[in-house]
Amino acid sequence: MRPMKQTSDISAVLIEWYGRHFRPLPWRETSDPYLIWLSEVILQQTRVAQGLDYFRRFASRFPDVRSLAAATEDEVLKLWQGLGYYSRARSLHAAARRVAERFDGVFPTGYDDVRSLPGVGDYTASAVCSIAYGQPCAVVDGNVYRVLSRLTDADVPTDTAAGKRYYAERARSLLDESRPGLHNQAVMEFGALQCVPANPDCECCPLRDRCLSLARGTVADRPPKREKKAAVPRYFNYLHVRCAGSTLLAKRTGRDIWRNLYEFPLIETPRAVDFGELQRTARWREWFDEAGDVRVSGMLPMPRHVLSHRVIHACFYRVDLPTWPAGLSSFLKVLSSEISRYPVSRLTELYLERGE
DNA sequence: AAGGCGGGGGC
DNA sequence: GCCCCAGCCTT
């Protein structure tokens with residue numbers, strides 16, 4: 001039997017604040033662990049405003065874990081299209097299938113079982129178990145890091161093993177074990193709306209008298225920011241190849257961005273190249289040397305596409321062929337009207353939205 | 001421990 | 001531009 005932990009009155013302040021400021025959100029109106037899990041995966045590294053419509057669409061199309069398990073990965077990725085971090089969608093689908101098989105379609109209730117699902121780490125397992133089941137698990141996410149770092153003026157980086165231990169322990173000591181779901185959501189909402197990263201309005205903060213970093217003037221430096229990595233440029237030359245009302249797609253299967261999404265035939269080059277250089281690449285010759293009358297009608301440069309640590313310089317060439325050459329036989333031939341059925345990256349989506 | 005993995009919104 | 005978001009996984 002564990003000794004009863006003293007509940008901090010900071011938790012009470014945050015919960016009181018939460019009662020007056022919380023945003024009404026659809027996943028706060030259910031106790032279904034499946035829907036709460038779904039919301040937590042969607043919200044990983046994603047703002048509420050960005051994930052809200054995705055949650056609505058997923059909850060509508062896949063109202064339970066069995067329907068999600070019964071879908072194809074392509075359909076799940078298509079519904080996820082545009083949200084980013086696509087491994088979340090692949091893991092979500094794989095986890096649903098595991099629940100269907102190993103747990104007989106019933107979302108597990110034990111922390112370790114939940115934590116064992118693909119795409120579920122310490123944060124998501126704690127969030128689901130506390131919110132859906134009332135289990136005393138303290139969540140630690142980006143909001144919690146910031147709130148804790150400021151309250152205690154902790155100069156501890158969050159992206160180290162020691163830092164994670166430190167904040168996890170602080171979060172545990174702050175947790176109100178009698179209402180862990182409410183407590184966790186209160187801390188996160190507080191971080192999202194009041195204790196914001198930049199220019200927080202500390203004058204009206206309910207914790208202004210107990211915030212050590214406010215007293216010391218270090219709010220802007222908490223938590224300590226990690227050093228930024230330089231964005232590595234990549235050069236993508238896409239070929240929108242058309243022949244007899246069809247076009248070509250390929251599935252990205254490598255360990256790279258946009259894994260399992262579809263795209264036009266791609267020639268990646270180590271630097272920006274013009275059409276003349278592109279034609280001299282081995283790939284172009286492999287694909288088109290035997291192709292007869294190749295008509296390239298234009299090149300559409302795209303704006304720089306910025307990812308977290310990549311900046312993609314992309315352009316799309318439109319290539320019209322009289323017949324399909326053998327060099328392109330490994331691609332999927334897709335009716336032009338059917339392209340929209342395939343999950344694609346935001347970059348390709350933007351190109352397609354430009355139309356003809 | 002470090003790096004890969006998206007996309008968008010706020011300043 | 002830069003920061004960072006209800007993180008997780010691989011190496």
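Since the model is a prediction, treat every value here as computed from it, not as a measurement.
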J.: Taking the six-membered ring of A/Tyr54 as reference, does the cationic atom of A/Arg57 (NZ for Lys, CZ for Arg) lie under 6.0 Å from its centre and within 45° of its axis?
T.: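 Relative to the ring axis of A/Tyr54, which defines the angle, A/Arg57 lies inside both limits.
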J.: In terms of side-chain geometry, is the basic nitrogen of A/Arg216 or A/Asp221 positioned less than 4.0 Å from the acidic oxygen of its partner?
T.: no
J.: Does A/Arg88 make a side-chain donor-acceptor contact with the base of C/dA6, cut-off 3.5 Å?
T.: no
J.: So A/His313 and A/Tyr235, would you call those rings parallel, tilted or perpendicular, with 30° and 60° as cut-offs?
T.: parallel
J.: If the threshold is 4.0 Å, N to carboxylate O, is there a salt bridge linking A/Asp53 and A/Arg56?
T.: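 Counted as a salt bridge, because a side-chain N and a carboxylate O are separated by less than 4.0 Å.
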J.: Using a 4.0 Å heavy-atom cut-off across all strands, classify A/Lys229 as base, sugar-phosphate, or nothing.
T.: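 Nothing: the residue A/Lys229, judged by heavy atoms under 4.0 Å, touches no strand.
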J.: Going by an N to O cut-off under 4.0 Å, is there a salt bridge joining A/Glu101 and A/Arg98?
T.: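 Salt bridge flag = no for A/Arg98 with A/Glu101.
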J.: State, yes or no, whether a side-chain contact exists between A/Phe190 and A/His21 at a heavy-atom distance under 4.5 Å.
T.: no
J.: Can you sort out which residues in residues 155-168 of chain A have a heavy atom within less than 4.0 Å of DNA chain C? Ascending by number, please.
T.: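 By residue number: none to list.
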J.: Roughly, in whole Å, what's the span from NE2 in A/His309 to C1' in C/dC8?
T.: 13 Å
J.: Going through the checks in order, is the side-chain hydrogen bond (donor to acceptor under 3.5 Å, both in side chains) test met by A/Tyr351 and A/His240?
T.: CA-CA 10 Å; A/Tyr351 167 77; A/His240 183 184; 2.7 Å; yes
J.: I need the OH-P distance between A/Tyr85 and C/dC4, as an integer number of Å.
T.: 13 Å
J.: Please work out if A/Ser87 contacts a base, only the sugar-phosphate, or nothing of the nucleic acid, heavy-atom cut-off 4.0 Å.
T.: nothing
J.: Kindly write out the residues that satisfy salt bridge (charged side-chain N to carboxylate O under 4.0 Å, His left out) with A/Glu353, not counting sequence neighbours, or none if the list is empty.
T.: A/Arg346
J.: Is the shortest side-chain N to carboxylate O distance from A/Arg90 to A/Glu73 below 4.0 Å?
T.: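 Judged by the 4.0 Å cut-off on N to carboxylate O distance, A/Arg90 and A/Glu73 do not form a salt bridge.
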J.: Can you pull out the residues from residues 114-126 of chain A that lie within a 4.0 Å heavy-atom distance of DNA chain B?
T.: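 Residues of residues 114-126 of chain A that come under 4.0 Å of DNA chain B do not exist, since none gets that close.
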J.: On DNA chain C, check which nucleotide each of A/Ser91 and A/Met188 is closest to and give me the residue with the more 5' one.
T.: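 In this pair, the answer is A/Met188.
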J.: In whole Å, what is the span from the CG atom of A/Asp141 to the P atom of C/dC5?
T.: 8 Å
J.: Look at A/Asp320 together with A/Arg318 and state whether they make a salt bridge at an N to O cut-off of under 4.0 Å.
T.: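 No, no charged N to carboxylate O under 4.0 Å.
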J.: Can you sort out which residues in residues 29-59 of chain A have a heavy atom within less than 4.0 Å of DNA chain B? Ascending by number, please.
T.: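 Within this stretch, A/Gln45, A/Thr46, A/Arg47, A/Gln50 sit under 4.0 Å of the strand.
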J.: Does A/Lys333 pair with A/Glu338 as a salt bridge, N-O distance under 4.0 Å?
T.: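 Salt bridge absent between A/Lys333 and A/Glu338.
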J.: Do A/Asn237 and A/Leu278 come within less than 4.5 Å of each other through their side chains, counting heavy atoms only?
T.: yes
J.: Could you tell me how far apart A/Arg90 (CZ) and C/dG7 (C1') are, to the nearest whole angstrom?
T.: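 Rounded to the whole Å, the gap is 15 Å.
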J.: How many angstroms lie between CG in A/Asp289 and CZ in A/Arg285, if you round to the nearest 0.5 Å?
T.: 6.5 Å
J.: Would you please confirm or rule out a distance under 4.0 Å between OP1 or OP2 of C/dC4 and any side-chain N or O of A/Arg146?
T.: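 No, because none of the side-chain N or O atoms of A/Arg146 sits under 4.0 Å from OP1 or OP2 of C/dC4.
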J.: C/dA6 and B/dC5: how far apart are their P atoms, nearest whole angstrom?
T.: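 Their P atoms lie roughly 23 Å apart.
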J.: Does a salt bridge link A/Arg280 with A/Glu277, judged by any charged N lying under 4.0 Å from a carboxylate O?
T.: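 A salt bridge is absent here (no side-chain N lies under 4.0 Å from a carboxylate O).
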J.: Contact boundaries of DNA chain B with chain A (under 4.0 Å, heavy atoms), 5' to 3'?
T.: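 First and last nucleotides in contact are B/dA1 to B/dC11.
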J.: Starting at OH of A/Tyr86 and ending at P of C/dG7, how long is that distance when rounded to a whole Å?
T.: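 After rounding, the gap between these two atoms is 18 Å.
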J.: Using a strict 4.0 Å threshold on nitrogen-to-oxygen distance, state whether A/Arg252 and A/Asp256 make a salt bridge.
T.: yes
J.: Do NZ/NE/NH1/NH2 and the carboxylate oxygens of A/Glu189 and A/Arg28 come within less than 4.0 Å?
T.: yes
J.: Can you tell me which stems DNA chain B forms when a stem means 3 or more consecutive Watson-Crick or G-U pairs under 3.5 Å?
T.: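 B:1-5 with C:7-11, B:7-11 with C:1-5 - these are the stems of 3 or more pairs that involve DNA chain B.
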J.: Could you state the atom-to-atom distance from CZ of A/Arg23 to P of C/dC5 in whole Å?
T.: 13 Å
J.: Whether the A/Tyr85 and A/Gln44 side chains hold a donor-acceptor pair (N or O, under 3.5 Å, no angle test) is what I'd like checked.
T.: no
J.: Roughly how many Å apart are B/dG8 and C/dC9, using the P atom of each and rounding to a whole number?
T.: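 These two P atoms come out 24 Å apart once rounded.
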